[in-house]
Amino acid sequence: MSYLDDLALVGEEMAKCMKCGNCQAVCPLYKEILRETAVARGKVQLAYAYLRGEIPATHSLAEKFLFCLTCMACVANCPSGVRVDKVVLAARAAMVREKGLPWLKKVIFQGLKRSWLFDTALKTGRHFQSFALRYRPEIQRCNPRFPIGLELRRVLPPLARRTLREEFPEVIRPVQPRARATFFTGCLENYIYTDIGRAVVNVLLANDIEVIIPRDQHCCGIPTLVHGDVLTAREMAASNLHIFQGYNFDYLVTACATCGEAWKQYYPSLMDNGPLGEVAGQMARKARDINEFLVEIDYRVPTGSLPLKVTYHDPCHLVRGQGISRQPRQILGSISGVEVVEMKNADRCCGSAGSFSLTNYDVSMQVQAHKVAAIKATGAGTVVTACPACRMQLEDGLAQAGLSPSVFHVVQLLEQAYGITAN
């Protein structure tokens with residue numbers, strides 16, 4: 001049984017907490033609102049009290065567990081090694097088991113689980129998005145026209161005219177492939193940031209990697225998991241595992257920090273002791289973030305030059321979730337003409353955390369303001385990251401601050417340095 005199914009399985013983690021308060025120094029949310037319930041120590045004590053029957057499950061308690069970026073800064077700095085991320089996710093799941101999901105989340109998650117419905121909705125939405133979004137050509141981004149669950153001041157990218165999986169055949173072979181990789185596109189790269197997905201494919205081909213893009217793949221399911229809906233997350237994980245199991249490949253490549261963490265860590269936990277447990281373990285061992293993969297295969301160092309001054313933002317689910325920090329910087333440093341200027345606290349959360357920025361936009365932007373100030377201080381004209389969700393958050397914050405740096409994924413700069421012309 002997984003810790004996601006029984007809060008008692010992380011009881012020892014909770015007991016390890018010394019209540020020292022070191023987490024206060026690194027928690028982005030605590031720094032903004034200065035409430036004990038916002039910090040790891042407070043959440044651990046609430047979860048422990050609930051586990052021991054000292055407090056009941058309430059919607060208010062559930063909201064306190066949801067008020068967390070799951071950035072893992074507390075985990076990285078805990079002297080006792082408490083896995084607060086596991087405690088928080090287990091507590092959220094316990095709240096859902098006892099209190100259920102709000103009706104709106106039920107509707108959204110059921111739509112997300114039905115991949116054909118989700119796909120159809122977004123493909124239809126791209127034709128009518130101008131009714132809901134006002135395009136701003138000066139920044140090539142949009143603002144909501146109406147309060148449709150989004151802040152009107154929010155800056156958003158439009159849906160792509162074609163999905164990434166519509167752009168490419170299922171299998172793309174170089175002349176002499178040296179390995180075969182499936183590409184898990186995730187939602188943002190398939191429906192919005194197709195330029196990132198395109199760069200992944202082009203860079204892999206430039207390194208003689210055969211690319212397989214399974215047609216039926218869908219959302220990794222983590223949006224449901226982080227809200228405590230373990231059953232739906234497990235169904236979605238099982239579906240993706242079945243789909244990818246049908247292909248013969250050496251590696252499973254992702255370019256989204258959260259999707260990569262899903263395949264490497266959450267899928268094995270969700271499938272623990274189940275019929276797909278062994279498959280999940282096999283996939284986890286094959287899974288690679290694109291930066292990690294390129295360095296591992298000794299990627300072709302580009303001969304082209306890019307006269308850019310850049311600064312790099314570490315996505316939380318990459319630097320702490322997967323332990324990947326050196327590889328993106330190595331790739332950037334190998335591109336002639338690129339000057340990398342480290343920003344202050346490059347691994348500090350940008351405030352996105354997926355749906356957190358939807359439900360807690362003001363606090364999310366308060367957290368984001370520190371990142372924007374750090375970027376501005378570098379004087380860099382280009383911001384680079386390795387996660388599409390972080391890119392979206394950074395573009396929003398920079399645009400609202402009146403700054404003009406472009407935001408790219410690492411692999412996009414490599415694509416440019418290879419001299420590959422974007423479509």
Side-chain angles (χ1 to χ4, degrees), residues 1-19 23 37 39-72 74-75 78 80-102 105-106 109-110 112-113 220-241 258 261-281 283-284 317 320-321 353-356:
M1 180 181 291
S2 167
Y3 69 93
L4 296 166
D5 299 299
D6 187 353
L7 184 61
L9 294 181
V10 289
E12 290 186 11
E13 292 295 323
M14 294 184 246
K16 287 193 300 185
C17 178
M18 300 187 301
K19 309 178 184 64
C23 47
T37 53
V39 80
R41 180 177 66 179
K43 288 184 172 63
V44 168
Q45 295 312 305
L46 286 173
Y48 207 22
Y50 168 73
L51 179 62
R52 292 178 297 185
E54 296 172 1
I55 57 175
T58 63
H59 290 300
S60 175
L61 181 60
E63 287 299 316
K64 288 179 172 64
F65 289 124
L66 287 169
F67 193 74
C68 174
L69 296 164
T70 60
C71 68
M72 298 179 67
C74 54
V75 177
C78 179
S80 300
V82 179
R83 287 300 303 268
V84 184
D85 55 326
K86 288 188 174 183
V87 173
V88 168
L89 290 178
R92 290 176 179 179
M95 295 296 104
V96 170
R97 283 194 298 273
E98 185 161 346
K99 301 299 294 182
L101 282 168
K105 287 184 182 180
K106 284 183 182 178
F109 293 167
Q110 286 303 304
L112 199 59
K113 182 174 70 173
C220 65
I222 299 306
T224 67
L225 179 65
V226 298
H227 283 271
D229 189 354
V230 175
L231 293 179
T232 299
R234 185 168 280 127
E235 287 183 53
M236 296 178 73
S239 176
N240 272 324
L241 287 167
T258 302
E261 198 175 25
W263 284 96
K264 290 180 179 181
Q265 298 179 25
Y266 292 128
Y267 282 12
S269 292
L270 286 166
M271 298 297 134
D272 188 33
N273 296 325
L276 286 173
E278 184 177 344
V279 176
M283 295 295 179
H317 292 175
R320 287 180 288 276
S355 59
F356 182 91

For this session: Name all residues meeting the salt bridge (charged side-chain N to carboxylate O under 4.0 Å, His left out) criterion together with Glu235; count only those two or more places apart in sequence or in a different chain, and write none if there are none.
Result: Lys113
Exercise. Among pairs that include at least one residue of residues 45-54, which meet salt bridge (Lys or Arg N to Asp or Glu O under 4.0 Å), considering only residues two or more places apart or in two chains?
Worked result: Arg52-Glu54
Exercise. How long is the gap from SG on Cys78 to CZ on Arg41, to the nearest 0.5 Å?
Worked result: 11.5 Å
Which donor-acceptor pairs under 3.5 Å do side chains of residues 267-277 form with protein atoms, sequence neighbours excluded?
| unit_1 | atom_1 | unit_2 | atom_2 | d |
| --- | --- | --- | --- | --- |
| Tyr267 | OH | Cys220 | O | 2.7 |
| Tyr267 | OH | Asn240 | ND2 | 3.2 |
| Ser269 | OG | Gln265 | O | 3.2 |

Exercise. Mind checking whether Val75 and Arg320 have side chains closer than 4.5 Å, heavy atoms only?
Worked result: no
Problem set entry | For Arg92, all residues meeting salt bridge (charged side-chain N to carboxylate O under 4.0 Å, His left out), sequence neighbours excluded | none
Problem set entry | Non-hydrogen side-chain atoms of Met236 and Thr224 separated by less than 4.5 Å | yes
Exercise. Atom CE in Met14, atom CD in Glu12: separation rounded to 0.5 Å?
Worked result: 10.5 Å
Exercise. Who are the side chain to side chain contact (heavy atoms under 4.5 Å, CB included) partners of Ile55, not counting sequence neighbours?
Worked result: Leu46, Ala49, Tyr50, Leu61
Problem set entry | Exercise: identify the closest heavy-atom pair between Glu261 and Gly321 | OE2-CA, 3.3 Å
Exercise. Can you pull the side chain to side chain donor-acceptor pair (under 3.5 Å) pairs that have at least one residue in residues 55-67, sequence neighbours excluded?
Worked result: Ser60-Lys64
Seminar exercise, completed: Scanning both residues in full, the closest heavy-atom pair of Tyr3 with Ala90 reads O-CB, 3.5 Å
For this session: Would you please name every residue forming a salt bridge (charged side-chain N to carboxylate O under 4.0 Å, His left out) with Lys106, sequence neighbours left out?
Result: none
For this session: Would you please name every residue forming a ring pair (Phe, Tyr, Trp, His ring centres under 6.0 Å) with Phe109, sequence neighbours left out?
Result: His227
For this session: Please identify each residue that fulfils ring pair (Phe, Tyr, Trp, His ring centres under 6.0 Å) with His317, with sequence neighbours left out.
Result: none
Problem set entry | Any Leu112 side-chain heavy atom under 4.5 Å of Pro223 side chain | yes
For this session: Please name the pair of heavy atoms, one in Ser2 and one in Arg234, separated by the smallest distance, quoted to 0.1 Å.
Result: CB-NH2, 4.4 Å
For this session: With the side chain counted from C-beta on, respond yes when Trp263 and Leu241 share a heavy-atom pair under 4.5 Å apart, and no when they do not.
Result: yes
Problem set entry | side chain to side chain contact (heavy atoms under 4.5 Å, CB included) between Val44 and Glu13, intermediate numbers included | CA-CA 9 Å; Val44 168; Glu13 292 295 323; over 6 Å; no
For this session: Provide the closest heavy-atom pair for Lys264 versus Ala284 in the form atom of the first, atom of the second, distance.
Result: O-CB, 3.6 Å
Seminar exercise, completed: Residue pairs passing the salt bridge (Lys or Arg N to Asp or Glu O under 4.0 Å) test with at least one member in residues 81-90, sequence neighbours excluded, are Arg83-Asp85
Exercise. Considering residues at least two apart in sequence or located in another chain, which fulfil the side chain to side chain donor-acceptor pair (under 3.5 Å) criterion with Thr37?
Worked result: none
Exercise. Do you know which two heavy atoms are closest between Lys43 and Cys68, and how far apart they sit?
Worked result: CE-CB, 3.6 Å
For this session: With sequence neighbours excluded, tell me which residues meet ring pair (Phe, Tyr, Trp, His ring centres under 6.0 Å) with Phe356.
Result: Phe67
For this session: Identify the two heavy atoms, one from Leu7 and one from Val87, that lie closest to each other, and give their separation to 0.1 Å.
Result: CD1-O, 4.3 Å
Exercise. CG/Leu225 to CG/Leu4 distance, rounded to the nearest 0.5 angstrom?
Worked result: 5.5 Å
